[in-house]
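Take a look at the structure set out below.
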Amino acid sequence: LAEDKKSRADKIAGGLTRRQLIEIGACSRCGECLLWCPVYPHDTREEITARGKIDRLRRIVSKDAVSAFDAALSDGLYACSACGQCHVVCPIRIDTPELWEQARQALASAGLSQPKPQLEQLALIRQCNNSYGKAQNERARWAERAWRAGLLREPVHTWDEQSSSVLYFAGCTASFDPSMQPVAVQSARLLQEANVRFSILAEEEPCCASKLRRMGDGDFFQEAKKRSEMLKNKKVRTIVASCAGCFKGLYADYRGILSPDIEVVHLTEFLDRLILEGRLRPRHSVPLSVTYHDPCHLGRHNGIYEQPRRVLRSIPGLSLTEMRRSGPFSSCCGMGGGLKLARPDLQKKMSASRIKEAETAGAEAVVTPCQTCLMGLTAGASAVSSSLGLFHLNEMLIRSICPDITFETIIRELEERNGPHEETQS
Amino acid sequence: MEIIPVIIVYLVYAAFWVRLSLHTTLWLKSARRLPPYRAASGTKSFPAFASAALDLFFFRRLFATNKVLWLGSWAFHTAFLFVILHHLKYFLNPVPDCIWHVQPFGIAAGYVLTFSLLYVMLVRLAARIKYVSYQNYVILGLLFLIGSTGLLMRNFFRPDLIDVKNFTMGIISFKPSIPPGNFFFVLHFSLVLLLIPYLPFHIFTAPLIALEATRRRQGLDMVLHGK
């Protein structure tokens with residue numbers, strides 16, 4: 001048993017980077033992380049906090065831990081959305097999101113695997129190359145249907161038909177989830193309105209595999225290499241991703257893997273550029289008082305705070321108010337890091353808290369450029385029966401530029417062209 | 001009997017080095033490195049280095065998040081540094097000029113250190129969410145007692161400084177002599193011995209992390225790892 005413990009401790013230590021081993025010894029246990037953690041108000045166990053997780057991890061790798069620490073660490077690691085708030089407030093700036101992901105991977109390699117729902121999700125991604133378990137040939141149906149429904153100015157070309165300066169990367173959710181397909185349609189329409197020549201990879205678009213990294217799957221780097229190679233072979237120059245998770249995956253997690261010649265931008269940054277260049281002109285008034293919810297993957301993880309706010313401020317009639325916690329201190333809605341799968345109860349409580357915060361800010365609606373946050377906030381709003389409007393940032397721009405294709409219109413139009421015979425569950 | 005305190009001193013000294021080497025060997029357990037970070041465009045080395053220095057010497061991150069706690073924490077850490085410099089005169093012979101120059105600051109730092117600890121304790125106890133861990137209490141309490149006994153010796157129960165110097169120099173030169181017969185010195189010294197094995201390790205590693213994190217955020221590769 002002692003030998004097993006030693007071998008497990010060595011495996012976990014070997015699974016972390018040298019920098020992370022220094023980091024876990026550097027925690028001063030000051031507890032600032034606890035004060036700001038968005039999970040802690042809903043589950044006040046010490047192992048939930050960054051301080052508690054680091055303490056247990058340190059004890060495990062130093063081999064002075066009993067097996068109960070393994071379970072407590074595992075519990076704490078998966079009851080975490082890896083939102084990075086603890087990193088922002090850490091006086092010694094321990095890179096916690098990276099540490100949690102690497103620790104999940106290290107624990108899995110030592111035989112302490114992910115919670116079952118996460119394992120099922122990972123298996124689905126491996127099997128189908130998307131997180132919805134759908135056939136890949138369904139990926140671009142949103143584009144075909146939207147064109148047939150007259151929601152686009154021109155058909156969306158696939159990369160093989162016509163390679164362009166820009167590759168629009170819709171991601172699994174906007175491609176497959178009927179309630180979020182309007183994100184892909186509106187993104188495409190906005191690019192067309194600005195006369196941007198773009199293409200999509202259609203059925204060749206892979207899952208970005210960032211969920212593998214989020215949930216500590218050791219195959220992530222290998223999978224990222226395959227995808228990077230494919231993008232390089234296709235001679236892609238600029239990737240515009242509308243999904244914050246895919247953006248973080250391609251921009252940050254693929255660093256050192258993806259060719260440096262390939263620029264990765266989030267749609268919000270790209271739209272901001274187009275507005276600044278005068279290629280996209282919000283013109284119709286949108287008389288709405290909104291508050292902006294910073295997605296962790298854009299804000300804290302990649303420093304995109306100002307661009308989406310600038311886009312919102314460019315819309316006539318729209319007024320922007322900030323919540324008590326915004327920018328680097330924005331509260332997480334709980335949709336990241338696989339938390340929704342591991343602890344759906346916590347996710348709901350976290351998003352409900354965020355909705356209450358938005359109500360206190362006095363806004364009529366919450367706007368976010370992340371469809372996953374939008375789904376999470378919707379769950380929170382229904383939990384507290386909130387009457388707040390919840391919108392994707394695209395929707396605000398669309399209402400100001402081409403108000404004929406609102407979210408509801410697109411859902412209705414796509415549904416009409418989405419007969420049951422067309423669904424192919426793989 | 002006189003040998004017992006000397007043995008304890010060397011045991012504590014050995015424990016400190018054992019702990020330090022255990023930590024270091026722990027770091028060597030992994031050769032894994034994260035992939036290189038994308039360099040932020042337009043980042044200049046000087047501003048990034050200045051930013052790291054601000055984090056390190058001014059606790060900028062804590063200042064941004066908790067100004068009330070920052071005041072006590074920064075005052076304590078700065079005072080701690082000066083108190084250490086002040087105490088070096090007991091361990092060096094001859095005492096370098098720079099250490100003599102720092103003495104007045106070191107004395108003031110003794111007061112700042114002790115009262116800032118009280119302040120930090122009160123701030124933490126008054127916080128809306130109780131986030132003090134038992135380790136915090138142990139370390140804060142120990143440091144406060146060390147500071148208080150130091151101030152008591154400074155103001156009321158002065159030990160013979162020649163005896164103190166002989167004792168400390170004897171320890172570091174492995175020619176131990178009898179400790180000075182001042183109760184507060186013995187208490188002060190014993191509490192320091194108690195602290196050494198539990199010395200929070202972040203005082204050694206946190207500066208590395210702070211510099212490294214800034215390097216990464218700024219895409220700067222020259223703060224710690226010259227390329």
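To find a chain, count down the sequence lines: A is the first, B the second, and so on, and within it residues start at 1.
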Chain A interface, residue from B:L62, B:V120, B:I203, B:T25 that has the most non-hydrogen pairs under 4.5 Å: B:L62
Validation row, ring centre B:F201 to ring centre B:F204 under 6.0 Å: yes
Pair B:F80 and B:F76, ring centroids less than 6.0 Å apart: yes
Among A:S28, A:C27, A:P91, residue most engaged with chain B (heavy-atom pairs, under 4.5 Å): A:S28
Cation-pi check, B:K67 onto B:F63 ring (under 6.0 Å, within 45° of axis): yes
Expected output: side-chain A:K53 to main-chain A:I48 donor-acceptor under 3.5 Å: yes
B:I139, part contacting chain A, at a heavy-atom distance under 4.5 Å: neither
